[in-house]
Each structure stands twice: as structure tokens, then as C-alpha cells.
Protein chains: 2
Amino acid sequence: MINVTLKQFRYFDALARTGHFGRAADACAISQPALSMQIKELEDALGTQLFERSARSVHLTPLGEDLAARVREILRAVDEIGDLARADDERLVGRFRIGVIPTVAPYLIPRVMQGLAADHPDLDIYIRETVTPKLIGELSEGRLDAAILALPASEPGLSEEALFDEDFVLIRPTTEASAPVPSKEGLRTMRLLLLEEGHCFRDQALSFCDIRTAQPREMLDGSSLSTLVQMVSVGIGVTLLPEMALAVETRSADVAVQRFPKPQPSRTIGMVWRKSSPLTSQLRQLADLVKATAA
Amino acid sequence: MINVTLKQFRYFDALARTGHFGRAADACAISQPALSMQIKELEDALGTQLFERSARSVHLTPLGEDLAARVREILRAVDEIGDLARADDERLVGRFRIGVIPTVAPYLIPRVMQGLAADHPDLDIYIRETVTPKLIGELSEGRLDAAILALPASEPGLSEEALFDEDFVLIRPTTEASAPVPSKEGLRTMRLLLLEEGHCFRDQALSFCDIRTAQPREMLDGSSLSTLVQMVSVGIGVTLLPEMALAVETRSADVAVQRFPKPQPSRTIGMVWRKSSPLTSQLRQLADLVKATAA
DNA sequence: TTACATTGATAAGATTTTCTGATGATAAAC
DNA sequence: GTTTATCATCAGAAAATCTTATCAATGTAA
């Protein structure tokens, strides 16, 4: 019966991920010496070296690599015990870690949080904003409880629940406000500003225009929808916006908004979570609340 | 990230098994209040009741039942991490928990321990002596590292390695010392003294005599081979002994020893362990040492 | 080469956690 | 009604863990 602690495992995991004592300590919200000591304790308890400390870098030994995977599995199982206990109480309380794609988060989350704060004071929502593949990964690893993204996620281990549909609209410089709405083909000839690689909204827009990512075009990549709209307003090109972003992003920017004729391009935003999550019932409740807020 | 500790899990497991705060505390080598407090901490951290404390008994709530299984799985995984780290060092050191059946343990283990003590000072062998089904169970649960028992164990998840064969010999009162060796059939008409239900040696002896356990006979059950031999010496009946027990058990007892004609009844004693054990290499080394000692 | 910056280890003292032993409360058993 | 068994609570002691300050080693830039 070896004398290790979960605390050591958590620190170990952090150090394995960051490869840096200082940053790992930050991630664990402790001082660097405290982390150093616990890592040392762990290595002593196991009787082996887990990390190779070279002058400028810290990385796992082969054995450490192996153990890191197991430790992660254990931490997941422990957290699941917490979830399971929490799920015993059917009410919607406690902490939920929700991942949201960047083209949804800024427009949806504030409203959701506002709505929840009133009715569910014991609810503690932590939002992580990043692109779909990362969300799926962290969800599967058990580092997130749920994610809000464009459906379908098409992951066998995940449950999906649709929240709402949103159309895409065209954003042009005001100088072109009275020009006719371009066809898909017309759009392809314009200078289309899009989010950088990795964002699903980029792919959705390209797909609408029937553009292969393979054939590179003269497009500027922006890191946020806000940036794109600013660029449109100074006449650099045109862009698409999901409906939900419209109000916020065009409020102060001087641009023209045009809707496409039907069938309008659109996407379905939904919530996903691990099928195996003990919190399924709570997550479904949460999805319903978000759905109500979005409507 | 819920704030529970492995210590709490170990205490929880002990309490779940014993259903008694005092005994669980003993098992964990701490005082009863310490255990009470940690269980309370755990229940608080999880926000639920894990045990129902009625006046005269402590038992798991339905949720506790569920969590207990998971906690055991986690503890197993943690211990396996220890094993894995230890296995990194190919040498035969550290603690091994070995289960041995009662008809082998007293005759084999002292010799083995003596042999090991000299050559492997850093080896820490803990012996658990009980019947085969319990050994198999504890082995599978990860509460033992290996077991020494009569082959075949016939468990899909276990590796087997034969250690030695031993014949069975007949023990009779000295008054019958010059009587001819009875046939199997003759044996069936005698008053055969055997170990109580559960011991594999009992079944092996019955099997040799072609006696179904179904048809009950007038046999006295003893709890140790030593008891059986004592009973033979005062003329109550006859018994069989595995060869290895012969020297010890007939040293002081006044009984006659007779060997059966070939093919003599016999059994194969071997060592088994989980196929998945990280310590496989060490366990094989250990088996070889035991084999050498027994020879 | 020297000064400097970065990074992990170490040390000392403070804080927090955990444990023990004594005692209390409750309910069953005699 | 007293005794017994059992778990909870309390106070103080012991152990662990943490923080701040500092050191040592290594690489980088002047």
C-alpha cells in the first residue's frame, strides 16, 4: 500500500502538462517550492525518477510518461466519483465546466449567465472558450463537463442536444449597402474575410461558398469576428456573421448587413456531453435553460 | 476538482468492508475517532451520506455501495502505479503479498523465507494463508500479488507456473502398520479423516477415492493436517497427507506411513498471479526461487 | 568574460491538517 | 435499571504542507 496522495497526482499531472515547475505551480495555485517538494515526495515514494530536469526544460522519463496516463485516468475516476455523488442530488447545483466555441461564447454566455444567476444561485459555471477539436478533446478527457458547439459533433461517446439554429448574414462596407445580394458564386469572387484556421465557423462559411480549403485564396484571417467586422468597415473585404453575433458586432461598426435569399446558410448550435457522465440529468436541465435563454 | 484524498478512500474502503468503525480503524492502524472524522470529511466533501448508522450496525447507502466499487477500482489503479514504478527496477525488492493454501503454507513457507532472507534482504514477503477460492478472489481484487495453490487454478486472468509435484501418502494407526496397503476401494470402507469443506486437499483426496461429496459418509472433519494426524494416532481413523507435510506432521505423532503403489495419487503445486500484473518479471523470479527451495 | 536572467532546489518558520486519548451520547442487551 | 457496545465530539499534540526568502546552476547578452 504505497503512500502517495491525490494531491501529488494533481501536481504531477500539472507538471507533466506544462513541463515547467513555475507554471505548474501557478496552475495548482500554490508556490513553486511546494510543488517541487511534492514532486520529490512522489518520486521518493515510487522510488523512481519521473522527470528529467535538464537545465532549461523538464520532461517526463519513459516511465513517467506511462504513469502520467494512468494518473490522468485515476484523476478522472476520482472526479467522476464527485460527479456521481453530486448527481444523487437531482437539483442543478455545484460547478459545471462548460466549453464554448468562440463564435458563440461572447454572444450567448453573458445572457445565459445573467439568466442563471437569478434562479440558480448555487450554480457555479466555469466557461472555457476555444475551438471545437480542443473542446471535444477536453470533454473526452473529463476536463470539461459539457460543450456548446456546432452540431453534429459526430463523436460516438457524446450525447448531443440541439439548442438553436442560426442563419449566416453577409457583412459589407456601407459603400456597397445598396448593391444586390451576391450569389454563392458572386461571393467567391469577393475578398472574403474569415477566422483563422481551426474555427468551425470558417469551415461552415467556406462550405456555403463551395470553396475547398485546398485551393488557397487571397483571404485575410482574423482572430475574432469583431476584428473581421472592423476590417469590413474600412473596406478591406466582406465577411459572414452568425445571426447571434449581429447585434453586438454591428452596433458600433459602420457596415451594411444583408440577408441571403432562402435557403439561407445556417448552422445548428447544440450542447454535448459524455454519454457516461453521471451528471446527464443535470446537463439536460442546463441545456433546456440555455435553449430557453437563446429563444 | 473535488477535495477528497486517497487516505479517505482507504478508510472508506475499510469501513465498507468491515461495517464497523472500530474494526475499520484497526485495519487502518489508526484510532477510531480519526477514522470517524475522515469518513465525515469524505461525506461532507461529496455532499452526501455514504453510510447509514443505525444503533447496532453501519452499512452503505445505495450511493455508497456504488461509490465503494469505484473507490476500490481507484485504489487498485493507484497500487498498480506503485507496482509499475517498482517493476521499473528489475530486481526482486519490496513488498510482495503472497497467498498460500493451508496444506502447503506451514511446510513450504518457512524454508522459502529462510532461503530468501539471506539472498534478498530488501524483499518483504507478507503471507496470507487461506483456501483457494478466497485466494483467487483476493488475487483478482489486487489484494494479493500472487498465490501458491494446487494447479490448475483455471482462471482466465491468471498466469500459472508449476512449482513441484507431491504425492499423497496414507497415514494409519501404528497398530495397522503391517497391514497391506489398501486399494482405492478398500480406502472407501475405512474411516477417512479429512479437512473441513473448502480445502482443495479434501477434494483431491475424495477424488482419488472416487467418492462423490454428494453421498455423505461418516467422516470427521479436521481444521488442520496436524489435527488429523493426531486423531489417527489415537486410532480414530486413517488419513492422507501430502508428501511435503510428512516430515513435520509425523515427527512427533505415533503413526504408520504407507505409500500407494503407482500410479500414486498426487497434485501439482504452482504459483499464480494476474496476467496484467506489472510485477510479472519479479513474480517469475520469485517462483523460480521457490521452485529451487522446494526441490 | 562578466553581469544578468531564468529556473529548480533548499531552508526556516508559520499554518493547516490529522491524529490520539479522554469523554459523551445513544440504543440495545442483560 | 444497569451494563455494554458503538459511534461522535473535543482538546491538545503531532505531523504534514505551505509560503517566503534564498541559493545554486545554467544559459544568455553585453
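Note that the structure is a prediction, hence the values are computed from the model and not measured.
- Residue B:Gln32 has no polar side-chain atom (N or O) positioned under 4.0 Å from OP1 or OP2 of C:dG21.
- Atom CE in B:Met37 sits roughly 12 Å away from atom C1' in D:dG12 (whole-Å rounding).
- Rounded to a whole Å, the CD1 atom of A:Ile30 is 14 Å from the C1' atom of D:dT20.
- Distance A:Glu41 CD to D:dT17 P: 7 Å, rounded to the nearest Å.
- A salt bridge is defined here as a Lys NZ or Arg NE, NH1 or NH2 lying under 4.0 Å from an Asp or Glu carboxylate O, and A:Arg97 with A:Glu141 fails to meet this definition.
- Between B:Leu35 atom CG and D:dC7 atom C1' there is a gap of 11 Å when expressed in whole angstrom units.
- In this model, a donor atom of one side chain and an acceptor atom of the other lie less than 3.5 Å apart for A:Gln32 and A:Ser36.
- Spacing between atom CG of A:Leu15 and atom P of C:dT7 amounts to 13 Å, rounded to whole angstrom units.
- Which of D:dC10, C:dG8, D:dC18 sits closest to the side chain of B:Pro33 comes down to D:dC10.
- Contact check on B:Glu138 versus B:Arg128 returns a salt bridge, with a Lys/Arg side-chain nitrogen under 4.0 Å from an Asp/Glu carboxylate oxygen.
- Counting to the nearest Å, the P atom of C:dG8 and the CG atom of A:Asp26 are 12 Å from each other.
- Taking side-chain N and O atoms only, B:Tyr11 has no distance below 4.0 Å to OP1 or OP2 of C:dT18.
- Residue-level contact check: A:Phe51 touches neither bases nor backbone, having no heavy atom under 4.0 Å from any strand.
- Remark: the B:Glu90 side chain and the B:Ser281 side chain contain an N/O donor-acceptor pair separated by less than 3.5 Å.
- For D:dA8, one of the phosphate oxygens OP1 or OP2 lies less than 4.0 angstrom from a side-chain nitrogen or oxygen of B:Ser36.
- OP1 or OP2 of D:dC18 lies within a sub-4.0 Å distance of a side-chain N or O belonging to A:Lys7.
- The phosphate of C:dG8 (OP1 or OP2) has a side-chain N or O of A:His20 nearer than 4.0 angstrom.
- Residue A:Arg53 has no polar side-chain atom (N or O) positioned under 4.0 Å from OP1 or OP2 of C:dT7.
- With no hydrogens or angles considered, no side-chain donor-acceptor pair links B:Thr280 and B:Ser277 at under 3.5 Å.
- A straight line from CZ of B:Phe21 to P of C:dA27 spans 16 Å, rounded to a whole angstrom.
- Rounded to an integer number of Å, the gap from CD of B:Gln38 to C1' of D:dT9 is 15 Å.
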